[in-house]
Amino acid sequence: MKNSTYLVIMAGGIGSRFWPLSTVETPKQFLDIVGTGKSLFQQTIDRFKGICPIQNIFVVTSARYSDLALSQCPGLLPENILKEPCMRNTAPCIAYAAWKIMKKNPEARIVVTPSDHMVTDTIEFQRVIRSGLRFITNKNRILTLGIRPSNPSTGYGYIQADAKPERNPEIFKVSAFREKPDLKTAVSYLEQGNYSWNSGLFLWSAATIREAFNRYLPEVAEIFSNASNIYYSNQEQDYINHYFPACPNISIDYSIMEKADNIYTMPCDFGWSDLGTWGSLFDELHKSKEQNVVIGDQVRLIDAEECIVHMPLHKKVVVQGLKNYIVAESSGTLLICNKNEEQRIREFSGYFNK
């Protein structure tokens, strides 16, 4: 069945909270944030090897990043790079990909994933994806992967599941989606035991998601349905450039997931992180006995604790006397910021754009 399985990678964001590494010119998903030698985008593609062939991978990204995506994965088909003329959140992005895939294969099974997440247990991840694909095959079901919470995080939305599973003991009907909670509420979610973090990973058939858009977001469905005769033609990009900006700026969560009644979730644990901030990267990576995280081959830390230091290869750096700091350099720009103040990084990046 893998030839009927399609992957949609959402790769249009900027990742401004990872400045100075992530910039408008080269955003986070196309960078080696973790120090593995591969970008987050390349790692995302690698996770799906054996699940779907490369010709079934579609990437939705800004027009300015299309060449970057192709350069990082030369096997991608150029016609499978979907170029957004402007940012319109996840619902229009997903609809565009779904309708284009349906033009090629109306029987397609589709997995949708962000391009900038980290997964440490690829074997378990692939097992979960294969199990989820079996669950949605030939059924009018939408499956969202939840992440079993390791702590009462206030940085994620939560999925509330029914108490009893479906026939598959790993899968539950979704009771509700919950916004990012305060700490007291997050603690109560963990105590109840039927809440998981919202990962932004979705599985459905092409027919199912088309029906959902037709019902809950018909104005978007109409835009991409009207293009059915021009997908894979020379007229496609002109049409998208003209009509895509007319789509509402709305997420798939608000437009469909919170309204549909055929939503299911599979709580998972495959070493997931959305790597939204320097702090989340610090939490996920190996630490020294002084609780430091270092990415870079010429970095020396002296009397430093609980720091994350991200330096280019061969850059000689000594950090002395800091505690709980972010130290990062890219393209001649150096950031030294207390981890407790990292919410101000977007503000800092603006200093050089005035």
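Any value given below was found using the heavy atoms of this structure, including those in side chains, with hydrogens, waters and symmetry copies removed. Just so you know, residue 1 is the first one in the sequence shown, and it goes up from there.
Under 3.5 Å, the side chains of S196 and R148 contain no donor-acceptor pair of N or O atoms. Side-chain N/O atoms of T44 and R47 include a donor and acceptor closer than 3.5 Å. Side-chain N/O atoms of Q237 and N241 include a donor and acceptor closer than 3.5 Å.
Nearest heavy-atom pair, M311 versus V317, reported as atom, atom and distance to 0.1 Å: SD-CG2, 3.5 Å. Nearest heavy-atom pair across P267 and E170 is CD-O, 3.3 Å. Between F18 and T277 the shortest heavy-atom distance is CZ-O, 3.2 Å. Shortest non-hydrogen contact noted between T144 and F177 is CG2-CZ, 4.2 Å. A pairwise comparison of heavy atoms in Y195 and P149 identifies O-CD, 3.4 Å as the closest pair. Contact record, K38 with D32: O-OD1, 3.1 Å, taken as the closest heavy-atom pair.
A single hydrophobic cluster is not seen to contain both L322 and I345; linkage of ILVMFWY side chains at heavy-atom distances under 4.5 Å, directly or through other members, places them apart. The cluster map of Ile, Leu, Val, Met, Phe, Trp and Tyr, joined by side-chain heavy atoms under 4.5 Å apart, puts V174 and Y216 in the same cluster. Hydrophobic cluster membership differs between F172 and F270, with clusters built from Ile, Leu, Val, Met, Phe, Trp and Tyr side chains linked at under 4.5 angstrom. Transitive grouping of hydrophobic side chains (ILVMFWY, heavy atoms separated by less than 4.5 Å) brings M102 and Y96 into a common cluster. No path of Ile, Leu, Val, Met, Phe, Trp and Tyr side chains, each step under 4.5 Å between heavy atoms, connects V319 with L335, placing them in separate hydrophobic clusters.
Contact of the W197 side chain with the D274 side chain is not registered, since no non-hydrogen atoms from C-beta on lie closer than 4.5 Å. Here the side chains of R127 and I123 are not in contact, with every heavy-atom distance at 4.5 Å or above. Looking only at side-chain heavy atoms (C-beta outward), I101 and V8 come within less than 4.5 Å of each other. At a threshold of 4.5 Å between non-hydrogen side-chain atoms, the residues N105 and S4 count as touching.
Although no hydrogens or angles enter the test, the distance criterion places no donor-acceptor pair under 3.5 Å between the side chain of Q126 and the main chain of I51. Judged purely by atom type and a 3.5 angstrom limit, S188 uses its side chain to pair as donor or acceptor with the backbone of T185. Remark: the backbone N or O of C247 is not paired with any side-chain donor or acceptor of E219 at under 3.5 angstrom. Here the side chain of N198 pairs no donor or acceptor atom with the backbone of G157 at under 3.5 angstrom. Using a distance-only test at 3.5 Å, with no hydrogens or angles considered, a donor-acceptor pair links the side chain of E342 to the main chain of G279. Side-chain atoms of S199 never come within 3.5 Å of backbone atoms of I147 as a donor-acceptor pair (strictly under, hydrogens ignored). With hydrogens and angles disregarded, a donor-acceptor distance shorter than 3.5 Å links the side chain of N292 to the backbone of C307. A donor-acceptor contact shorter than 3.5 Å is absent between the side chain of S115 and the backbone of Q29. The closest donor-acceptor contact from the side chain of D297 to the backbone of H314 lies under 3.5 Å. At least one donor-acceptor pair closer than 3.5 Å links the side chain of N151 to the backbone N or O of S153.
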If you apply the rule salt bridge (charged side-chain N to carboxylate O under 4.0 Å, His left out), what do you find for E236 with K100, and how did you get there? CA-CA 10 Å; E236 178 182 342; K100 187 163 181 176; 3.0 Å; yes
Kindly indicate, with the supporting measurements, whether the criterion side-chain contact (heavy atoms from CB on, under 4.5 Å) is fulfilled by V59 and Y65. CA-CA 10 Å; V59 179; Y65 305 139; over 6 Å; no
If you apply the rule side-chain contact (heavy atoms from CB on, under 4.5 Å), what do you find for L40 with V34, and how did you get there? CA-CA 8 Å; L40 296 174; V34 185; 3.9 Å; yes
List the steps, then state whether side-chain contact (heavy atoms from CB on, under 4.5 Å) holds for N262 with T208. CA-CA 10 Å; N262 58 336; T208 295; 4.0 Å; yes
Verdict with supporting geometry, F48 and Y6, ring-ring contact (aromatic ring centres under 6.0 Å, His included): CA-CA 10 Å; F48 285 88; Y6 291 75; over 10 Å; no
Residue pair N324, N338: steps toward the side-chain contact (heavy atoms from CB on, under 4.5 Å) verdict: CA-CA 6 Å; N324 201 43; N338 191 294; 3.6 Å; yes
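The side chain to side chain contact (heavy atoms under 4.5 Å, CB included) test with R109 is passed by exactly one of I136, N138, L203: I136. Of the residues W278, Y325, W19, the one that meets the ring pair (Phe, Tyr, Trp, His ring centres under 6.0 Å) test with H310 is W278. Considering Y231, Y243, Y239 in turn, Y231 is the only one that fulfils the side chain to side chain contact (heavy atoms under 4.5 Å, CB included) rule with F224.
F202 and W204 have parallel rings, their planes meeting at less than 30° on a 0 to 90° scale where 60° marks the start of perpendicular.
For K287 and F282, the positive end sits near the middle of the six-membered ring, less than 6.0 Å away and at most 45° from its axis. Both tests hold for R141 against F135: distance to the six-membered ring centre under 6.0 Å, angle to the ring axis within 45°.
For I302, the CD1 atom is densely surrounded, since the number of other residues' heavy atoms within 6.0 Å is greater than 12. Counting non-hydrogen atoms of other residues, nucleotides and ligands closer than 6.0 Å to OH of Y254 gives a total of 12 or fewer. Summarising the local packing, NZ of K259 is surrounded by more than 12 heavy atoms from other residues, nucleotides or ligands at distances under 6.0 Å. Atom CG of N234 has 12 or fewer heavy atoms from other residues, nucleotides or ligands within 6.0 Å.
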